[in-house]
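Below, read A as the first sequence line, B as the second, and so on, with proteins coming before strands; counting in each chain starts at 1. In what follows, every heavy atom counts, from backbone to side chain, and hydrogens, waters and symmetry copies are set aside.
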Amino acid sequence: MTDNHKDKAVSNFIRTIIDQDLTQGKHSTVITRFPPEPNGYLHIGHAKSICLNFGLALDYGGHCNLRFDDTNPIKEEAEYVASIQEDVQWLGFDWGERLYYASDYFQELHDFAVCLIDAGKAYVCSLSQEEIREFRGTLKEPGRESPYRRRSIQENRDLFAGMRRGEFPEGSHVLRAKIDMTHPNLNMRDPVIYRILHAEHHRTGNAWHVYPTYDFAHGLSDALEGVTHSLCSLEFEDHRPLYDWFLDELPVPSRPRQYEFARMNLGYTVLSKRKLIQLVQEGYVQGWDDPRLPTICGLRRRGFSPASIRNFCERIGVGKSFSLVDMSMLEHAAREDLNRHSPRVMGVLDPLRVVIVNYPKADEESLEAVNNPEDPEMGVREVLFSREIYIEKEDFRTDPPRKYFRLAPGREVRLRYAYYITCVGMVTEQGTGKVLEVYCRYDPKTRGGSSPDGRKVKGTLHWVSADHCRRAEVRLYDRLFVTADPTADAKKRSDFKEYLNENSLEVLRDCPVEAELAAFEAGSRIQLERKGYFCLDYDSSPDKLILNRTVTLRDSWAKLEKKLAHS
RNA sequence: UGGGGUGUAGCCAAGUGGUAAGGCAACGGGUUUUGGUCCCGUCAUGCGGAGGUUCGAAUCCUCCCACCCCAGCCA
């Protein structure tokens with residue numbers, strides 16, 4: 001863990017609380033936990049929570065537990081347990097030996113429930129699900145007490161034991177905490193704490209027929225693990241009184257506190273399991289790791305580095321107000337890290353053939369190129385040059401606009417790490433005027449890209465030798481939705497999917513790229529000079545190169561050109 | 001007056017009675033063999049609104065407004 005935790009941490013309300021707890025001696029260490037439910041893939045929103053919980057533990061010299069919140073066997077699967085661990089690890093965090101499952105505590109939790117029964121603070125309720133809802137009342141009207149609320153302690157014990165042994169059908173009974181049916185907070189109106197589920201659990205198999213609810217299990221698990229600060233999202237604020245109630249009523253080994261922070265929303269995408277699963281299952285994207293998705297595995301495949309995601313999470317801060325973070329923030333974090341660490345390679349996305357007419361036909365030569373101007377230690381490589389090369393179509397104009405520094409008839413530019421070339425002619429298509437091929441002369445004295453007479457050129461182009469290049473498939477990704485907040489806008493139309501960007505993926509084939517690319521392993525992150533940061537897809541191989549574009553480079557020419565067009 | 005929350009720049013966000021940090025974006029300029037990077041500069045007389053307390057208020061008080069969450073045997 002480097003990079004982001006070196007910087008002095010930005011203050012936030014949770015750090016303020018921890019600082020107080022530490023100076024007042026309320027705690028001597030900080031124990032947090034990341035508690036995913038293993039029922040889906042992690043996304044960038046989870047990354048914020050992971051960075052917060054593990055980051056705090058790291059900064060304060062404490063610990064962060066990875067705890068799977070597996071209290072609902074119907075929804076949870078072992079498959080997700082593995083992917084979540086992989087993602088947390090990939091992000092760069094280490095839980096050491098502290099890997100836990102709520103299901104580890106099923107026995108303790110059960111015993112706590114019996115404690116409540118013995119104290120007359122819990123009872124078996126045999127109302128149907130609909131009846132329980134009716135008895136709960138509404139937001140503005142108080143609820144009514146269940147007729148089963150006055151069962152004797154012995155009867156409750158016997159019934160709960162029967163529930164546990166699987167003697168009753170699902171839905172026939174539940175165990176409820178006996179709190180207050182008139183409480184203004186609905187969570188306190190005798191909440192269900194155990195329900196009968198005859199389902200096989202991914203870890204405990206068929207050992208149990210009753211499973212604790214989140215409200216009952218979560219805080220007690222925190223207490224059992226000695227968690228000091230239990231961080232969750234805002235929608236659990238209403239659950240805090242209940243969280244506290246269980247801890248106050250039961251003989252717990254420690255006293256954790258719950259604090260709530262606002263979950264992150266990212267512009268032009270969606271971050272809810274329900275919506276993500278729709279996109280995957282209905283085929284709008286090609287899987288959980290589709291590079292257009294904000295899932296951790298999608299971002300990984302897209303080419304984001306773990307450090308860039310950590311920096312992003314650090315930078316957006318932690319607060320309690322609802323926020324929609326701008327995509328440019330994530331892109332900035334990606335460029336910042338990738339600029340420092342990714343090797344440069346040349347590749348042409350939209351090729352235009354250039355013939356260097358005064359370069360000997362049979363010749364070729366090797367030129368030296370630096371791998372990363374930001375990091376000399378990354379060394380240099382050889383790039384082959386020859387009479388026929390490809391440049392980017394957009395780097396040539398027959399009628400260049402003002403301030404266009406690239407190639408045009410009669411213009412001289414530099415080929416990066418190679419020579420100065422001057423355009424002396426071209427072939428255009430009959431009728432359309434489309435440029436098919438360009439002819440240039442090179443200046444042999446400018447080898448390497450500088451002129452002995454001190455002559456300057458304003459443009460530098462990337463290029464690839466036609467005789468020595470490889471071909472690659474290049475996948476250009478764009479924002480998944482056409483609107484910043486598809487969830488909110490979906491209220492105006494029928495469905496958030498109406499706002500999907502139909503051009504979020506553009507596939508380019510046979511793009512000429514430096515042969516050097518074949519030396520990189522799948523998953524490698526590189527910069528295609530002047531075009532952007534790319535990642536070799538998992539399906540890429542030296543024989544079939546596939547590049548995924550992570551993000552473009554900033555393009556001030558595109559901005560200028562747009563401005564010129566408007567003036 | 002059901003209960004619980006939140007409002008500081010286009011976006012994120014510090015600030016906790018002493019005169020509005022920082023980042024992203026944007027806009028100027030410098031350096032540059034990536035129109036990249038880097039560097040320099042500009043960007044809230046203003047903190048949801050209105051009153052009040054105070055020598056002094058984004059911070060304290062009062063009222064108001066807007067938005068979010070809650071009626072799963074989901075988490």
Side-chain angles (χ1 to χ4, degrees), chain A residues 10-12 16 35-37 39 69 71-72 74-76 125 127-129 132-134 136-143 170-171 173-176 183-189 191-197 210-211 213-215 217-218 232-241 260 262 264 267 273 312 314-333 335-336 339-340 344 346 369-370 373-374 403-406 414-418 420 446 448-450 456-462 484 527-532 552-561:
Chain A
V10 182
S11 169
N12 63 51
T16 304
E37 182 188 15
N39 71 341
D69 222 333
T71 56
N72 188 345
I74 296 167
K75 296 170 62 183
E76 295 145 8
C125 179
L127 251 25
S128 69
Q129 198 160 163
I132 286 183
R133 192 186 318 126
E134 284 165 24
R136 185 155 33 225
T138 69
L139 294 178
K140 298 190 177 182
E141 296 157 8
E170 289 186 11
H173 308 284
V174 290
L175 185 68
R176 294 226 252 169
H183 199 108
N185 180 341
L186 305 222
N187 292 122
M188 300 298 274
R189 321 241 262 228
V192 170
I193 61 177
Y194 263 93
R195 73 283 213 194
I196 298 170
L197 255 22
V210 289
Y211 291 90
T213 56
Y214 165 86
D215 284 315
H218 202 89
C232 63
S233 44
L234 253 29
E235 64 268 32
F236 291 100
E237 280 176 319
D238 286 345
H239 295 243
R240 187 170 1 109
E260 311 84 12
M264 160 181 55
K273 277 182 191 170
F312 168 73
E314 191 81 16
R315 235 169 272 210
I316 59 172
V318 182
K320 302 198 69 164
S321 61
F322 302 86
S323 65
L324 180 63
V325 178
D326 202 303
M327 195 56 107
S328 66
M329 201 83 104
L330 217 206
E331 293 178 345
H332 171 80
R335 292 190 184 107
E336 183 181 47
N339 173 52
R340 281 197 291 262
R344 272 59 168 171
M346 291 194 285
V370 323
E374 304 297 315
K403 297 198 176 171
Y404 183 84
F405 303 145
R406 283 113 97 143
R414 169 169 40 236
L415 291 178
R416 181 143 233 234
Y417 300 125
Y420 285 10
T446 58
S450 60
K456 300 283 185 206
V457 288
K458 281 195 152 171
T460 300
L461 311 186
H462 60 282
Q527 181 194 109
L528 244 34
E529 294 224 25
R530 303 210 304 137
K531 296 313 296 180
T552 61
L553 255 32
R554 288 180 63 201
D555 188 349
S556 56
W557 163 244
K559 252 189 245 171
L560 215 204
E561 189 178 27

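- Between the C1' atoms of G18(B) and C24(B), the separation comes to 30 Å (whole Å).
- Residues Y214(A) and N72(A) have side chains not in contact (no heavy-atom distance under 4.5 Å, counting atoms from C-beta outward).
- Of the two residues near RNA chain B, S323(A) and D555(A), the one whose nearest nucleotide lies more 5' is S323(A).
- Here G35(B) is the nucleotide among C24(B), G35(B), A13(B) with the atom lying nearest to any side-chain atom of T460(A).
- Formation of a donor-acceptor pair under 3.5 Å by the R189(A) side chain with backbone atoms of R136(A) is found in this model.
- Between the NE2 atom of H332(A) and the P atom of C11(B) there is a distance of 19 Å, given to the nearest Å.
- Under the 4.5 Å side-chain criterion, counting only non-hydrogen atoms from C-beta, F312(A) is in contact with M264(A).
- Among the atoms of the strands shown, base atoms are found under 4.0 Å from some heavy atom of Y417(A).
- Judged by Watson-Crick or G-U wobble contacts below 3.5 Å, the nucleotide G35(B) has no partner.
- The side-chain hydrogen bond (donor to acceptor under 3.5 Å, both in side chains) check on K458(A) picks up nothing, with sequence neighbours excluded.
- I316(A) places its CD1 atom 10 Å from the C1' atom of A13(B), with the value rounded to the nearest Å.
- If you take CZ on R406(A) and CG on L461(A), they are separated by 7.5 Å, rounding to the nearest 0.5 Å.
- Nucleotide A14(B) is matched to nothing when pairs are restricted to Watson-Crick or G-U wobble geometry with both distances under 3.5 angstrom.
- Contact check for V174(A) versus I132(A): side-chain heavy atoms found under the 4.5 Å cut-off.
- Annotation: C27(B) and C63(B) have their P atoms spaced 46 Å apart (nearest Å).
- For the C1' atoms, the distance linking C12(B) with G17(B) amounts to 27 Å, nearest Å.
- On the C1' atoms, G7(B) is 15 Å away from U59(B), given to the nearest whole Å.
- When the P atom is used for both C69(B) and U37(B), the distance is 38 Å, rounded to whole Å.
- R335(A) contributes a side-chain N or O that, together with a main-chain N or O of T552(A), makes up a donor-acceptor pair within less than 3.5 Å.
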**Request:** Begin from the C-alpha positions of S328(A) and D326(A) and carry the test side-chain hydrogen bond (donor to acceptor under 3.5 Å, both in side chains) through to its verdict.
**Result:** CA-CA 5 Å; S328(A) 66; D326(A) 202 303; 3.2 Å; yes
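- Note: CE (M329(A)) to C1' (G23(B)) measures 6 Å, nearest angstrom.
- Donor-acceptor pairing under 3.5 Å is lacking for the side chains of R416(A) and T460(A).
- At a threshold of 4.0 angstrom between heavy atoms, the contacts of V318(A) are confined to the sugar-phosphate backbone, with no base atom among them.
- As rounded to whole Å, 15 Å separates atom P of C12(B) from atom CE of M327(A).
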**Prompt:** What string of B, S and - do you get for nucleotides 64-75 of chain B 5' to 3' if you count protein non-hydrogen atoms under 4.0 Å?
**Reply:** ----BBBBSBBB
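- P241(A) comes within 4.0 angstrom of nothing in the nucleic acid, heavy atoms only.
- Put simply, CZ on R315(A) and CD on E336(A) are 4.0 Å apart, with the number rounded to the nearest 0.5 Å.
- In this structure, CG of D326(A) is placed 15 Å from P of A9(B), rounded to the nearest angstrom.
- Taking 90° from 0 as the syn/anti boundary, the base of G30(B) is oriented anti.
- Residue K559(A) is in sugar-phosphate contact alone, with no base atom involved, counting any heavy-atom pair closer than 4.0 Å across all strands shown.
- Nearest nucleotide to the side chain of S556(A), out of C24(B), U34(B), G36(B): G36(B).
- Residue R530(A) places at least one side-chain N or O under 4.0 Å from the OP1 or OP2 atom of G35(B).
- F405(A) places its CZ atom 15 Å from the C1' atom of G36(B), with the value rounded to the nearest Å.
- Among the protein residues, R344(A) comes within range of the nucleic acid bases, having at least one heavy atom under 4.0 Å from a base atom.
- Going from the P atom of A21(B) to that of A44(B) covers 10 Å, rounded to whole Å.
- Atoms NE2 and CG, on H239(A) and N185(A) in that order, are 8.0 Å from each other to the nearest 0.5 Å.
- No contact: F312(A) has no heavy atom under 4.0 Å from any strand.
- Taking the P atom of each, G10(B) and G5(B) are spaced 29 Å apart, rounded to whole Å.
- Shown here, A26(B) forms a base pair with U42(B); the pair counts as Watson-Crick or G-U wobble because both key distances fall under 3.5 Å.
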Quick test: give all pairs of protein nitrogen or oxygen and nucleotides 28-32 of chain B nitrogen or oxygen below 3.5 Å, distance rounded to 0.1 Å.
{"from": "G28(B)", "atom 1": "OP1", "to": "K563(A)", "atom 2": "NZ", "distance (Å)": "2.9"}

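- Between the OG atom in S450(A) and the NZ atom in K456(A) there is a gap of 8.5 Å [rounded to 0.5 Å].
- Here, U34(B) and C38(B) have their C1' atoms 13 Å apart, quoted to the whole Å.
- When the P atom of C38(B) is taken as reference, atom CZ of R554(A) falls 8 Å away, rounded to whole Å.
- A66(B) is paired with U6(B) under the Watson-Crick or G-U wobble criterion, all donor-acceptor distances under 3.5 Å.
- At a cut-off of 3.5 angstrom, counting only N and O atoms as typed in the model, there is a donor on one side and an acceptor on the other between the side-chain of R406(A) and the base of G35(B).
- A straight line from CG of N12(A) to C1' of U16(B) spans 15 Å, rounded to a whole angstrom.
- Nearest nucleotide to the side chain of S11(A), out of G15(B), C24(B), G4(B): G15(B).
- Place A558(A) and R240(A) on RNA chain B by their nearest nucleotides, and R240(A) ends up nearer the 5' end.
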